[in-house]
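The first residue of the sequence shown is numbered 1, and numbering continues consecutively from there. Just the heavy atoms: all of them, side chains too, but no hydrogens, waters or symmetry mates, feed the values below.
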Amino acid sequence: MTLRLERDGPVARLLIDRPARRNAMTQDMWETLPLLVHDAIADDAIRVLILASATPGLFCAGADIDEFATCSGDPDWRVTNQTAIRNTQYALAHADKPVIAAIDGDCVGGGCGLAIACDLRIAAPTARLGITPAKLGIVYSLFDTKLLVDLVGPARAKRILFTGALHDADTALAIGLIDQIAADPLAEADALARTIAANAQHSVRSSKTIIRRILDGQADDDDRTLALFRDAFTLPDFAEGVSAFRAKRKPDFGG
């Protein structure tokens with residue numbers, strides 16, 4: 001089993017477990033990962049998902065280059081591979097619940113693509129991040145590239161893609177490729193996940209939906225976003241939040 005989903009109360013961990021190949025992603029893994037994301041999202045008990053390596057000191061070295069070399073001559077495989085990678089990126093970026101990447105070790109190529117599709121990224125001080133199509137003579141999709149541009153801006157995205165350079169954690173933090181450096185990124189991600197899980201979930205998930213719509217080009221409200229605002233006042237979380245505020249106590253949103 002190279003991927004698995006572990007549940008711990010309101011937090012699930014989607015673990016990459018192929019240490020002998022530095023967690024390099026095969027076609028089977030690309031096809032399986034979005035299914036596990038959907039499993040976590042469909043579980044009402046889960047409020048936050050963490051993407052991490054099952055082995056400390058690793059994150060993901062990207063796509064399995066040996067598989068590329070073996071299969072890339074097959075045009076049907078190329079289409080299937082492209083579809084599977086996009087489905088994975090889309091599942092992470094558009095998941096209804098927050099997704100945090102805990103990056104402990106190298107986060108390169110398709111591995112970095114996984115991380116930038118998450119909502120937040122916490123990296124170890126020793127982590128290295130890079131997107132390296134220029135080192136392999138390949139091209140990343142528009143969706144994948146847009147995720148990078150959304151994070152770091154077009155000029156830095158061009159520099160990352162044109163050079164294929166690896167960036168240490170301090171540089172990655174400075175340019176916005178990660179959000180935080182922590183000695184134990186998985187423990188820090190878990191603590192952050194539980195903080196998020198304790199908050200009003202309609203607020204959290206609606207915020208993610210609205211931010212994703214802004215990143216996808218929406219500039220003004222529509223019926224859906226207006227409804228998210230209006231409906232919040234009718235939900236139990238609002239009643240609990242107001243009650244806790246008036247009573248000067250911590251709200252209990254069931255997390």
Query raised in the report: Stepwise, does the side chain to side chain contact (heavy atoms under 4.5 Å, CB included) test hold for Leu120 with Leu192?
Result: CA-CA 10 Å; Leu120 300 167; Leu192 176 59; 3.8 Å; yes

Mark yes or no for whether [X], through its side chain, and [Y], through its backbone, hold a donor-acceptor pair below 3.5 Å.
X	Y	answer
Ser141	Asp144	yes
Asp64	Thr26	no
Glu31	Thr80	no
Ser203	Asn199	no

Identify the heavy atoms of [X] and [Y] that sit nearest to each other, and give their distance.
X	Y	answer
Ile181	Ala124	CG2-C, 4.2 Å
Ala102	Phe59	O-CD1, 3.3 Å
Pro98	Val204	CG-CG1, 3.4 Å
Pro185	Ala183	CD-O, 3.6 Å
Gly110	Trp30	O-CH2, 3.9 Å
Arg249	Ser243	NH2-OG, 3.2 Å

Report task. Assess whether salt bridge (charged side-chain N to carboxylate O under 4.0 Å, His left out) is satisfied between Arg212 and Asp216, documenting all intermediate values. Result -> CA-CA 6 Å; Arg212 173 47 54 194; Asp216 288 345; 3.4 Å; yes

Do [X] and [Y] make a side-chain contact, defined as non-hydrogen atoms from C-beta onward lying under 4.5 Å apart?
X	Y	result
Ile175	Arg159	no
Gln82	Trp77	no
Asp17	Thr2	no
Ile85	Met25	no
Cys112	Ile131	yes
Asp119	Leu92	no
Asn23	Ser53	yes
Ile138	Phe68	yes

Using a 3.5 Å cut-off and no angle test, enumerate the donor-acceptor pairs between side-chain atoms of residues 7-16 and protein atoms at least two apart in sequence or in another chain.
from	atom 1	to	atom 2	distance (Å)
Arg7	NE	Asp43	OD2	2.8
Asp8	OD2	Arg194	NH2	2.9
Arg13	NH2	Asp190	OD1	2.7

hydrophobic_cluster_shared for [Y] and [X], side chain cutoff 4.5 Å:
X	Y	answer
Leu151	Tyr140	yes
Leu114	Val152	yes
Leu49	Tyr90	yes

Quick test of your reading of the model: are [X] and [Y] salt-bridged, counting only N-O distances below 4.0 Å?
X	Y	answer
Asp106	Arg22	yes
Arg205	Asp96	no
Asp222	Arg213	yes

Requested in this report: Would you kindly say whether Glu188 and Gln180 are connected by a side-chain donor-acceptor distance under 3.5 Å?
Outcome: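 There is such a pair (donor and acceptor under 3.5 Å, judged by atom type) between the side chains of Glu188 and Gln180.
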
Query raised in the report: Hey, what's the ring geometry for Phe238 with Phe233, parallel, tilted or perpendicular (30° and 60° as the breaks)?
Result: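 Rings of Phe238 and Phe233: perpendicular, as their planes differ by over 60°.
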
Query raised in the report: Got a sec, which residues hit salt bridge (Lys or Arg N to Asp or Glu O under 4.0 Å) with Asp231, two or more places apart in sequence or on another chain?
Result: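 Residues passing salt bridge (Lys or Arg N to Asp or Glu O under 4.0 Å) with Asp231: none at all.
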
